[in-house]
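Every chain is numbered from 1 and lettered A, B, ... according to where its sequence line falls, protein lines coming before strand lines. Predicted, not measured: the structure shown is a model, and the values here were computed from it.
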Number of protein chains: 2
Amino acid sequence: MNLNPAAVNAVPKSGTTMSQMQNVERQLRGMILGLEIGPGERLTERWIESRFGASRTPVRAALLRLETEGLIARDGRGWTVAPINLAELGQIAVYREAVEVAAVRLTASLEDRSGIEVIAAMLDSCDAGTPREEWHRVGLDFHIELARLSGNEFLLRGVRDAMTRLSRARWLEVRDTAALGRAWAEHHAILAAVRKGDAEKAARLLSAHIAGSRHRLVTSLHDDRRGLRARGFAVVAA
Amino acid sequence: MNLNPAAVNAVPKSGTTMSQMQNVERQLRGMILGLEIGPGERLTERWIESRFGASRTPVRAALLRLETEGLIARDGRGWTVAPINLAELGQIAVYREAVEVAAVRLTASLEDRSGIEVIAAMLDSCDAGTPREEWHRVGLDFHIELARLSGNEFLLRGVRDAMTRLSRARWLEVRDTAALGRAWAEHHAILAAVRKGDAEKAARLLSAHIAGSRHRLVTSLHDDRRGLRARGFAVVAA
DNA sequence: GATACCATTTTGGGATACCAAATCGGTATG
DNA sequence: CATACCGATTTGGTATCCCAAAATGGTATC
């Protein structure tokens, strides 16, 4: 029996029995993506064990899974929260462009493209009063849901993985309201092209959107890297 | 102490200290890819434990990693060697086309494209007397090494993952000598376009090569699926 | 003969004990 | 004061142990 006070597990979601591994994985992922644990920080299995009240067996399993997601990395013998790596962010952007463009081409060629209306509604749920956190989430989900419509499991997974790896960086990016609005408009333009079944135009718009997004992201982080390091975040230069 | 005779571990490769997890992962992957364990077969942690002479902790770690590679899947509470899934093979082909074409475009646009000569030499190491197993390996490595030249870690990983998932299916595919020769010629044609820096032509040739390859693969397995099932291999129809 | 039911075994999930290597402190030496 | 050395501590890797759920197999019932 684990006698650690923190061992008082959170009540599992009603109806779902969550294994300890899933619990640790989910919570740890949340802390990493939410920057509650900074990029570059060292992790020890024992700390996680006591923090979440699970034994090392599920902790290890969760670490192995998060490693394949790219959120944590091995540091010699130990574990480290993956640092923000500007060169890597650039490569991810190239990768996601390839995958997302392929997906949107498929989607725009579907007979039934009505699925995009759900995505349009999702975009429209954001307005001036929407909290920043929500804009962030919708911005990620737009790309993931668009890829899901393609029906290709592997393209979807590629996009999801890429967005997960980009998530923390986008959260650190300094974005003014104008930038948010521009992204929103570009998203809508892409949807419009898909709606018309114009695969080429959708591909072109998406490609430009991702390239611009990448440029702004890398530039912003590059300019801010001193400040980010001051906050304890490991930022590896491009 | 594990008293099973099989527990006599193989001597680790000279100079390298291989953890039990890596050991189990590598050997199990080899058995799965080599079809020594058939698609669809059930796996129990205890069997693997005694088979490789490791305890359950590294066995479970290895299973978790192989799961993310798509070589094994959860079957309710237990583990199963991933079946051959024709629909999935089709989707993987679409995915790899997107990723490989992006990679070859990058490679063809490089200043220094001399890396392709190593790949050409690799192709040329195969002749009429080369064993089938070697043709198989070179056919996979061609695509992986071509992607590696792009310099993009994520495109490379995408190609490697896709080839891993396709590996068993390609091994089962009935390919006559003519088909092997045709693939060899197509590979060389792609390299020639890359060598000239003609990204568009390389992309077009690669795209056609993958599409044709996919068609032959799925057709062959579809036609043989009775025979494959008779050999105990789970084949899920498209 | 088919089926519902119960005891037994097996299995994966988790907790813990142990170990060797790596790390960290502190001390003695130059 | 810098540094080399050594013992205590920490950490990941592994082996085992326990448990509850699920699978299995035999049996009694209809």
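Ser167(B) is linked by a side-chain contact (heavy atoms from CB on, under 4.5 Å) to Leu33(B), His136(B), Leu140(B), counting only residues two or more places apart in sequence or in another chain.
In this structure, Arg77(A) atom CZ and dA22(C) atom C1' are separated by 5 Å, rounded to whole Å. Taking atom CD1 of residue Ile48(B) and atom C1' of nucleotide dA15(D), one finds them 17 Å apart after rounding to whole Å. Residue Glu45(A) contributes atom CD, which lies 14 Å from atom C1' of dT16(C) at whole-angstrom precision. Atom CE in Met18(B) sits roughly 12 Å away from atom P in dT14(D) (whole-Å rounding). We find that CG of Asp75(B) is positioned 9 Å from P of dA23(D), with the value rounded to whole Å. One atom, CZ of Phe52(A), and another, C1' of dA15(C), lie 18 Å apart when rounded to the nearest Å.
Which of dG14(C), dA22(D), dG13(D) sits closest to the side chain of Met21(A) comes down to dG14(C). Closest approach to the Ser55(B) side chain among dA15(C), dT11(C), dT14(D) is made by dT14(D) (side chain taken as heavy atoms from C-beta onward). Counting only heavy atoms from C-beta on, Arg56(B) has its side chain closest to dC17(D) among dA15(D), dC17(D), dT11(C). Distance from the side chain of Arg46(A) is smallest for dC18(C) among the nucleotides dA22(D), dC18(C), dA22(C). Nearest to the side-chain atoms of Thr44(A) among the listed nucleotides dA15(C), dG12(D), dG13(C) stands dG12(D).
A pairwise comparison of heavy atoms in Leu28(B) and Leu63(B) identifies CD2-CD2, 4.0 Å as the closest pair.
Across all strands shown, Leu43(A) has heavy atoms under 4.0 Å from sugar-phosphate atoms exclusively, and none from any base.
The base of dG12(D) does not come close enough to the side chain of Arg60(A) for any donor and acceptor atom to sit less than 3.5 Å apart. No donor-acceptor contact under 3.5 Å links the side chain of Arg74(B) to the base of dG12(C).
When the side-chain nitrogen and oxygen atoms of Gln20(A) are compared with OP1 and OP2 of dA15(C), one or more of them lie within a distance under 4.0 Å.
Under a cutoff of 6.0 Å and an axis angle of 45°, Arg42(B) and Trp79(B) do not form a cation-pi pair.
In summary, the side chains of Ser150(A) and Asn152(A) do not present any donor paired with an acceptor at a separation below 3.5 Å, with no hydrogens or angles considered.
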